[in-house]
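Here is the structure we will look at.
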Amino acid sequence: MVAVCWDQDKERLKILLCQNLDFFTVVFSHVDNNWLQLNCTEAPTQPDINSLVAASCQYSEWQNVMEITIEMISMCIQNDDKGFVLEVCANATFLKKLLRNSATVWVGEYCTVSLNSPPTNPPVVFSVLDWCNYDKWSKVLVDPSMVELCWRHDQMGFNKNVCCNMPLFEKLTLEPQNEWLMSVCVDKETKDILPQVCQYSDWNKPIIVDMTDLALCAELDSLNFTQKVCANATVLQNLLANPDNTWLLAYCVNHTGPGGGGGQGGGLMGFKPVEQCQYHSWAVALPDASLLTLCWDYDQANFVSSICTNTGLLSLLTKEPYSLWVGTLCTNYTKGNSQGKTNSTSADSQPCLVRDIVRRLNWTCTADFSPACQPGSSQTQALQLLLRCGVKALQHRLEGLLTTHMASVVDQATSVTVVLLVALEESQMTSLRVTENIRFNVLKSVVLYLEKETNFDNKRVLLQCFGKVLTSLMQTGRHGNSDGFFLIKEYFRIPLASLRPVLSAVDITTVRQILQYFSRNQGTLQFTDDYLGTMVSVLFQTHLVRDGSLFPELVPLLALVNPADIQSLPPLQTNLIVRNTINSNIRSLSVEQRRAFGRWYSRALSSLNMTAGGPSFIRDTGNLIVYLPFHSFQHLSPAQLLVGMDVLLMNTLSHLQQQFVAESLIRTFRNLTVEQFRRLGNLTCLSDPKDLQVYRNTEAFSVIQDNIRACVSQGLRGPSDMISSLFLNGSELQSPGSLSAGRVSQLAPFLPWLGVDFLQKLSQSQLSPALTALASVPFTPAQASVIVDKVSLNNSLALPGQLQKLGSLVSGVKVETLWNLPSDILLSSLPDIALHTPGLNPSQANTITTKLWDSPEVTGWLDKVEPLLPSTPLLSVLTRASLLLTNRTLAGRRAWNTQQAKTLFKEAVKTMPNLSTETFLALGSIARGVSCTALRQLFRDKPTFSSMRSVLAFMKKQSVPLHSSLKKCIIEELYYFDFSELLGEFGAQIALALPVNTIKKFPADMMDTLRKMIVKDSHHFLLLPSKKQEILVDKMVQRLGMYTGEFTEDEFRSLGIMATYVVDEVFLQLVRRFFVESLEFLREFCYNSSKRDIVAQILQEPGTFGPIQNWTTETLNQVDRFLFFLPKEMLQQIPQALMTHGRIERLFLSQRRWESGAVGALCIQGRDQVEQTQLFERQQFVLQNFLGFLKVGQVTPPALMPTCEKLRATQPSAWSTDSLTGMSSAAFSCSLELFGQDPFFSAYQQKLLLQKTKEIYGAASSFSSSVITQLGRIASQLSVAELSVIRLSELSTISALGAVSTWNSRQLAVLSSSVLISTQVAPSQLDSSTLVAMGHILCGIKVSDMRSLNAVEFSKAVLWLGRLRLSCSEEQQQALTGLLIHSLAFGPVSSWGPEVFIEVGALAAGLPDMAMSSLVREQIEGFTPLAVSLIRADKFAVVFDPAQISMFSYEQAKAVTEAQRLCLSPVQLTAMSMVLTIWEDKPVDFRGSSSGLALCPSPLCHLLGLLMVLLVSAL
């Protein structure tokens, strides 16, 4: 194929090869293509290549290698490759000299390849017969490039065999790349055939025009045809002399308007007079009776001229009994024809039997009798006209005059007549074309019926049972709809509920028509996902099982097929067409669909036939091989993997497959080339470090280092031994100051491993040139601070562009520096700052937003300040609300947080007294701040489904989560509408706020709709409290019928992220085959403690992996992080030899990778501290058990002392304390920040670590700001005396200590004093950034000093402080809330809306009793759950009465502590229970009353129930 394309289309192929590196690599990866001579360098002129070769490639004169340039070598290789190989590559002595130059080392590899596979000459002969074998194209898949090639070189044969072969033409045009055929074929006919066929000038004479030629001209040359045929009475009359051309009457009427006459004719039904009426051969062998009749009926002109004028042949025919009638007809025709020549009177004046009969019967008939009155016209045509006129004339009389009995008799007689006529026609005794006319009229009636009928139930039988019949009629009838697809369109209008049964009953011919129509019109067709999904499911489960050849036609629908339907495919694995079709389209499918095809294909494979497949097995199989389940994939041999590497790497390998490929190849082959390592890329990072060491001091080693460096830069971590042995074990790291700037750039991804102390030893001259490399590395804030301080010594960050250059290092910019930067510098840098992780800390973010929002110009900067809108204090927005709404459209496009949106909405409605749905939606993101009162009024004023749908669609698109009060309000209003019609519009976020007692009443179809919403957008489900998650899934599983029997793969996948939240009894029934085949898929889910135990149990079952002591390396690779689910006694049974240090690190890295993912992060967030601790203890046990720390009496050997790299790969607290304190000073210093951030160290362990820190850095008074920052949680072990002498002059240091929540009151008091002393400011002078940095230290400020804090600055800091669980006393809490009610802050509590309560967060717990007891519904809705939990228990019982408690959300009620609950009265407890009951589905605990209270969805029911209880208690 390459040879043909190069020979026929060289220039385009050359351009593609030069411009597409991937394509270049694929082509030249095959040694058979070495003959290609390619030069991708475009020169301004075209030199004489032969002259250049002759002048430059004189190998005999190549004595001095220094005079031989790279250009000369490249030119000779490209233009004289044979000579170069023979003269240079074969000369080992000269080649050795040439390779001493590092610039020409690549020549050696070229010579190695060329000598093993010398260049070959391409095949230059292109044979049309060999390549363009059209007769086979209908049975095999034809590559689009071959179609185009044959069109270019065999247009005549192509036109005949493809353009004129409709089945083949339609098959080829189903491929999108062959759509050009439709225009080319038509254009070819139009340009070349039409002038020869459509000779209109000759048609003025009474000649016979072939019917197919006539139809061709009418279809492709309609304009000329209408002018020269329909408008020319003479031509039209001549053509109508042939009875088969009566269709021209209807055609001309349609194309020229009324007045052209009517008429209906039949078709030939496959009879072709030109081919079958060979009159000249009849003298030798007379025709049979049927052929004779057909030729007379359909070819009269030629019949008369060839038979009636041939006396000899006519004599032979009249001697046979069956053809006596020919003589009579010929006599009549010749007589009538002679009269016609002598008499030129009008047609009406000539005698015409059929017209005379109609006139005598006094029938009114608009039919054109001229064809039947023409000389030589057939009697059958006259009879047809007579019958039609009679039916039309008598129909209305019969309907009005006949009795019911007579009508049935006439009807029966008519039916019998039709049957007799059909029988006569089938017996070839007559040729009235009754069948054809029946077909035409049936089609016409069906078209009218389908167009007018609106009730699908009436259409259903027609489409479901008679599709095959109607399709056959449509294919043979000449007068079908103009587009030919009128029937097929109806299958795309079937209601979804009826689609499956109707489509299942359709025959395969109709299915092909449906697929053809969909393929050609899919760009304009509009269907729901459910509709297409059902259609594809039927095609796969029903029709593909019946006929496997249908598969290639399903290509346009492959992307829509459900994985479950893929696995239900029939056993077509050995069908080459099916396999090639899948391989060609698999990359356009989702990963889940690809894996489903892989599981289906694996059913035909076994380990034996995979091994027997030979080294080329992967290439022979194609892309499908990559998506086999791992239990099949792991049987591929290293040799097969090496040969098939190009196939593997072109597809998406799973992490497990990548690890298998990397380990198999690099462990087995010790001579992999540079190019092979380049192609392996990131897979190199998954190999064993020991296997990479064999390449040290080879050319491949630098490529290996590049690959590992790329992995680390992309966040892909490998074992610590890999990093340390390949990068960090050099002596150069012992003296950091000696490193060059280039070397620093190379080491940039690994510098975080070396710690703060190492970075401090680097100079500005080393770091500044490497800034580009450093800016993309995720340094910790402490490390970034060191680098920023050094690189900004000579380059002020106030200069344009300097802040952007820092990239991720921006986290190390001091708050003091940010405050002094000009606003324009900050503005221009914000988009870049928002891209980096970890980004800004709260104090930095507060500094930037405060500075920018203090400017009056901020209202014009909304697009630039948007990245930090979530970090912008409400007070800043509140003071500029009216100005921000000057341009409402612009303001409505910004991503405001909830409290900001509520503030702006309040301001907006002041000028919008009458809020309509349109004006509401026009507010954009501001509308998310709507109050429940306004929303309720909006729906009550215009309670329509359309307005509700519009609002729901708007809410579903919001990028910022909706507040719980808004979701609750929307749901309350939805009770006034039909849930079944609106549920699909909810979106997962609102749907998940529905009470469980509403959800559990859903019928199966509504429950399935809810399921689909959650699966599509699972983020909101993961944010639910665990109790809500479990109850919701339990109700769903019950309703959808998954509660009994096996928990199948289809059921598991259908539940998506919810699958692991089913009750334990259901999860235990999980199909084991699916479990084993999909372990890598299952590892991505969230598991609570009970599910972890079940997974551990399944892993040990004989049907999965069996006893743990028999597990292998491959088993552990599959089990991966599930290993941490095993109980300790089971973990001890794992063979010690398998649990190497590298494997343990990979387990920790795998767990950490999951925890940082979308699912893992939310899963961990929803787990309580007990569950997290249990999982950590398993991890700790794995590390300490298999590294030998748990052996009694054993002293930790030096080899087991952790390094900084090992701690980063695992977790510091998982190691024994002795091993940590026994680390070298350098290793401990490098790891200090890790120790300070680890949440699982006990206070005792922290104390030991602090002691080790003092041994290295001296007394606490000598700690630098950098050391204090790194201490983190360990700092909580500093004594009061030590805290009083540490320096807290930098906000970064204050921020690090302020994040620690375990200080006691004495420590807090000392720390707050140290902050005031170090910053040398009075409490009243503390700005918002300092207050944010202080965090928990704020509770160390005296109450008197708290009251003197600046109320405005504190209100700007409350956005961050309100999120902390501060340990302030009640008096301190009240002092802080006193600042918030200042007139310059948020004003009196009575004026606070929910937006203020959301903003102040936990600080609302300090409101005075009177203020809190006076809160109304809207204010309570803004109360955060954290604030609820921080209210003193006895105060909680006093300030909230039962009515207020009943206004709580589920989250607020769930946050109530046990101490608070114990202080509540029975009535308050009942109110609390009613709130929780909405979701927890438990009976309400009423005193002295039945627990069987009926649950009702409306909040009004809850309120009335509560009032009843209050009334009873009062009596």
Side-chain angles (χ1 to χ4, degrees), residues 598-599 602 605-611 617 625-626 628-642 648 653-670 683 685-692 718-719 721-722 1072-1083 1092 1095-1151 1154 1178-1179 1181-1183 1185-1188:
R599 289 191 293 274
S602 69
L605 295 176
S606 66
S607 58
L608 292 178
N609 59 22
M610 289 178 71
T611 305
F617 179 70
I625 200 76
V626 178
L628 295 176
F630 185 75
H631 72 87
S632 296
F633 188 85
Q634 67 182 346
H635 294 299
L636 294 170
S637 69
Q640 290 172 327
L641 295 173
L642 186 65
L648 297 174
L653 292 167
S654 70
H655 182 80
L656 186 57
Q657 289 175 314
Q658 290 176 349
Q659 185 174 348
F660 173 76
V661 171
E663 290 181 347
S664 298
L665 290 178
I666 298 176
R667 182 191 304 124
T668 305
F669 301 103
R670 299 302 173 117
L683 269 65
C685 308
L686 299 173
S687 60
D688 192 314
K690 294 178 182 177
D691 296 328
L692 297 177
D721 287 348
M722 182 177 291
R1072 299 307 191 252
R1073 178 187 175 89
F1074 165 62
F1075 180 88
V1076 174
E1077 291 183 355
S1078 309
L1079 263 177
E1080 191 170 14
F1081 167 70
L1082 296 174
R1083 289 204 305 264
R1092 292 201 293 266
V1095 169
Q1097 174 186 328
I1098 296 175
L1099 288 173
Q1100 303 169 64
E1101 291 176 354
T1104 48
F1105 299 118
I1108 293 179
Q1109 57 267 27
N1110 296 333
W1111 286 8
T1112 63
T1113 298
E1114 288 71 23
T1115 307
L1116 292 180
N1117 285 343
Q1118 295 179 71
V1119 172
D1120 199 59
R1121 77 178 189 91
F1122 278 173
L1123 191 82
F1124 295 133
F1125 293 4
L1126 295 171
K1128 293 180 181 180
E1129 59 273 14
M1130 292 294 106
L1131 287 170
Q1132 290 176 312
Q1133 297 179 25
I1134 299 175
Q1136 178 73 40
L1138 299 181
M1139 296 300 291
T1140 63
H1141 197 291
R1143 178 170 298 282
I1144 293 172
E1145 288 186 357
R1146 288 190 188 278
L1147 289 171
F1148 274 83
L1149 291 172
S1150 175
Q1151 178 68 19
W1154 175 78
R1178 299 277 177 88
Q1179 294 174 290
F1181 179 81
V1182 167
L1183 185 144
N1185 178 70
F1186 290 104
L1187 293 187

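The analysis underlying the following values was restricted to heavy atoms, covering all of them including side chains, and did not include hydrogens, waters or symmetry mates. Source: prediction; values computed, not measured.
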pair [X]-[Y]: side-chain heavy atoms closer than 4.5 Å:
| X | Y | result |
| --- | --- | --- |
| L656 | Q634 | no |
| M1139 | V1182 | yes |
| D1120 | S1150 | yes |
| F1181 | Q1132 | yes |
| L641 | F660 | yes |
| F630 | S654 | no |
| V661 | L636 | no |
| F1105 | Q1118 | yes |

First locate atom [atom1] of [X], then atom [atom2] of [Y], and finally report the distance between them rounded to the nearest 0.5 Å.
| X | Y | atom1 | atom2 | value |
| --- | --- | --- | --- | --- |
| S632 | M610 | OG | CE | 6.0 Å |
| R1092 | F1122 | CZ | CZ | 11.0 Å |
| L1099 | L1079 | CG | CG | 6.5 Å |
| L1187 | I1144 | CG | CD1 | 4.0 Å |
| R1178 | Q1151 | CZ | CD | 12.0 Å |
| F1125 | L1131 | CZ | CG | 12.0 Å |

Take L686 and R1146 through the side chain to side chain contact (heavy atoms under 4.5 Å, CB included) test and state the conclusion after the steps.
CA-CA 9 Å; L686 299 173; R1146 288 190 188 278; 4.1 Å; yes
Can you confirm whether R1073 is buried at CZ, in the sense that more than 12 heavy atoms of other residues, nucleotides or ligands lie under 6.0 Å from that atom?
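No, not enclosed.
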Contacts of [X] that satisfy salt bridge (charged side-chain N to carboxylate O under 4.0 Å, His left out) - sequence neighbours left out:
| X | answer |
| --- | --- |
| E1114 | none |
| D688 | none |
| E1145 | none |
| R599 | E1049 |

Full working for side chain to side chain contact (heavy atoms under 4.5 Å, CB included) between F1081 and F1075
CA-CA 9 Å; F1081 167 70; F1075 180 88; over 6 Å; no
Can you name the nearest heavy-atom pair linking [X] to [Y], along with the distance?
| X | Y | answer |
| --- | --- | --- |
| A662 | L683 | CB-O, 3.0 Å |
| C685 | M722 | O-CE, 3.4 Å |
| P1135 | I1108 | CD-O, 3.8 Å |

Qualifying residues under side chain to side chain donor-acceptor pair (under 3.5 Å), relative to S664, sequence neighbours excluded:
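Checked S664 against side chain to side chain donor-acceptor pair (under 3.5 Å); zero matches.
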Applying side chain to side chain donor-acceptor pair (under 3.5 Å), can you list everything that pairs with Q659, at least two apart in sequence or on another chain?
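Result, side chain to side chain donor-acceptor pair (under 3.5 Å) vs Q659: E663, N1117.
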Side chain to side chain contact (heavy atoms under 4.5 Å, CB included) between L653 and F633, intermediate numbers included
CA-CA 11 Å; L653 292 167; F633 188 85; 4.3 Å; yes
Pairing of D691 and R670 as salt bridge, 4.0 angstrom limit:
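Salt bridge present between D691 and R670.
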Do E1080 and H655 have side-chain atoms, one donor and one acceptor, less than 3.5 Å apart?
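E1080 vs H655: no donor-acceptor pair found between side chains.
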When you measure from the centre of the six-membered ring of W1154, is the NZ or CZ of R1121 under 6.0 Å away and within 45° of the axis?
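Yes, R1121 lies over the aromatic ring of W1154.
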For the pair T1113 and R1143, evaluate side chain to side chain contact (heavy atoms under 4.5 Å, CB included) and give the outcome as yes or no after the intermediate values.
CA-CA 10 Å; T1113 298; R1143 178 170 298 282; 3.0 Å; yes
Any donor-acceptor pair under 3.5 Å from R1072 side chain to T1104 backbone
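Here the side-chain-to-backbone pair does not exist.
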